[in-house]
Amino acid sequence: MSEPFSELVQRRLATIRDEGLLRKRRLVEPLGEGRCRLNGRELWDFSSNDYHGLANHPEVIAAACESTRAHGLGARASVLISGWTPAHQALRDQLSQFEAAEDVLLCSSGYAACQGAISALIEPGDLIFCDRLNHACLIDGCRLSGGSLRVFRHNELDALERQLQKAHSHNGRRWIVTESVFGMDGILAPLGRLVELAEQYDATIICDEAHATGIYGSCGQGAVTDLRESGRYDVEQIDRRIPVRIGTLSKALGSQGGFIAGSAELTQLLWNTSRPLMFSTGLSVAACAGASASVRLLQEQPDRCRHLRRAAAELRQTLSEAALTLLGDSDSPIVSLVLEDPERTMNWAGELEAAGFLVGAIRPPTVPNNTARLRISLSSVHSPNVLDELTQILLKLHEASSV
Ligand SMILES: *Cc1c(COP(=O)(O)O)cnc(C)c1O
């Protein structure tokens, strides 16, 4: 007889616990304005991907409520059956224009958008060059596609180039799969050089902009838009080499869902081949209308993105001057402070919480071994005073741990 099911569960849990990696759900009540309540205490929330506090913005909430009253909450069916409502149409039109793309597909999550697009587009026999730190949904999509996976060291394009050279005589298509801003270290991918490599070795790039949507671009279109607008590359070449751009509505836009921007033919193909799109109910009406309001707010208030990136760059500079270990150079609102040891990371997170700050503690297997870290997510609603206070606490913790 096989091991009883309850013992299987206990054994697996014990393994995770023994490695010090057991995660627990915590009840966090979002309060808006960059605050939340945890265990009855109000804290500054530096753990959220809601980089502009839009999830609680009155106009976003009003838009979600109004459209829900008019059209109901859920989309009722897959978009291909009857789940395409006026709210979906409006968001599609708005995002296509925002992203300067022929068309945009709406998906029930960024995860579904990435996994579905990659597994539908890449075919068995193709070669996939995948950054080692790519998000799980990108890896899952690659695995499901049946293509052969080649993993290159994080953002190391020399390593990538060597692998591309080796694949010189390969018959299948070559794909490069990357995030534009890596979610766990906040570092940008060298998109311009990636486009050059893709041009040189005839590869196609799929770019996940989950942490760039709402942050980069003149008002949050993403990092590919910055590249397109930089004038350093031919826009046609960028579009040819990065024909698939994926974003999320769930982070900086404060809503829920994902999208894929590209040509009208790309979206038509994906409607007919991406399994999460075909077999999952469409995005909720409330999520569509809320995301629409967020995009409109970012377009009306482009300073939000600039302020946030400046605050992030300043925090990074202060911390690195104090010899704290940050990953790379960036102005993204994800400030990753590497403490290596999972226990030490949990201790710092506990100290910060006691001082009134909720910060994400990220441990393996989400990040590689010995790179456990505090992931400090800034929001444009945090005032300079709040950032100052957080900085002082981090510096004190650092001082205390270096004596
Ligand atoms: C969060 C994230 C996703 C998934 O987006 P959701 O809308 O939360 O499902 C995809 N890719 C990356 C890099 C992410 O960080």
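Note that ligands are numbered from 1 as they come in the structure, with each ligand's atoms numbered from 1 the same way.
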- Task: From atom 5 (O) of ligand 1, work out which of A113, S109, S108, G110 has a heavy atom at the shortest distance.
- Result: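 Looking at heavy atoms only, G110 sits closest to atom 5 (O) of ligand 1.
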[X]: numbered ligand 1 atoms lying under 4.0 Å from its heavy atoms:
X: C137; answer: 10 (C), 11 (N)
X: T248; answer: 5 (O), 6 (P), 7 (O)
X: H211; answer: 14 (C), 15 (O)
X: G257; answer: 7 (O)

Considering heavy atoms of the protein only, find what lies nearest to [atom] and give residue, atom and distance to 0.1 Å.
atom: atom 9 (O) of ligand 1; answer: Y111 N, 2.9 Å
atom: atom 14 (C) of ligand 1; answer: K251 NZ, 2.7 Å
atom: atom 11 (N) of ligand 1; answer: D208 OD2, 2.5 Å

- Task: Using distance alone, decide if ligand 1 has a nitrogen or oxygen within less than 3.5 Å of any nitrogen or oxygen in E179.
- Result: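 No: no nitrogen or oxygen of E179 is under 3.5 Å from one in ligand 1.
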- Do ligand 1 and A210 have nitrogen or oxygen atoms that lie under 3.5 Å from each other?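 Among all N and O atoms of A210, none is under 3.5 Å from an N or O of ligand 1.
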- Stepwise, does the ring-ring contact (aromatic ring centres under 6.0 Å, His included) test hold for H154 with F182? CA-CA 10 Å; H154 181 42; F182 285 85; 4.4 Å; yes
State whether a side-chain donor-acceptor pair under 3.5 Å links [X] with [Y].
X: S218; Y: Q221; result: yes
X: S47; Y: D45; result: yes
X: R373; Y: T371; result: yes

- Query: Would you say the ring centroid of H382 lies under 6.0 angstrom from that of F46?
  - Reply: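 That pair passes the under 6.0 Å test.
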- Query: Once you round to the nearest 0.5 Å, how far does CD1 of I118 lie from CG of L144?
  - Reply: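 One finds 10.0 Å between CD1 of I118 and CG of L144.
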- Message: Tell me whether ligand 1 is touched by G258 - counting only heavy atoms on the residue side and a distance under 4.0 Å.
- Response: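 So G258 does not count as touching ligand 1.
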- Message: I'd like to know whether CG of D329 has more than 12 heavy-atom contacts from other residues, nucleotides or ligands below 6.0 angstrom.
- Response: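 Open: at most 12 neighbouring heavy atoms sit under 6.0 Å from CG of D329.
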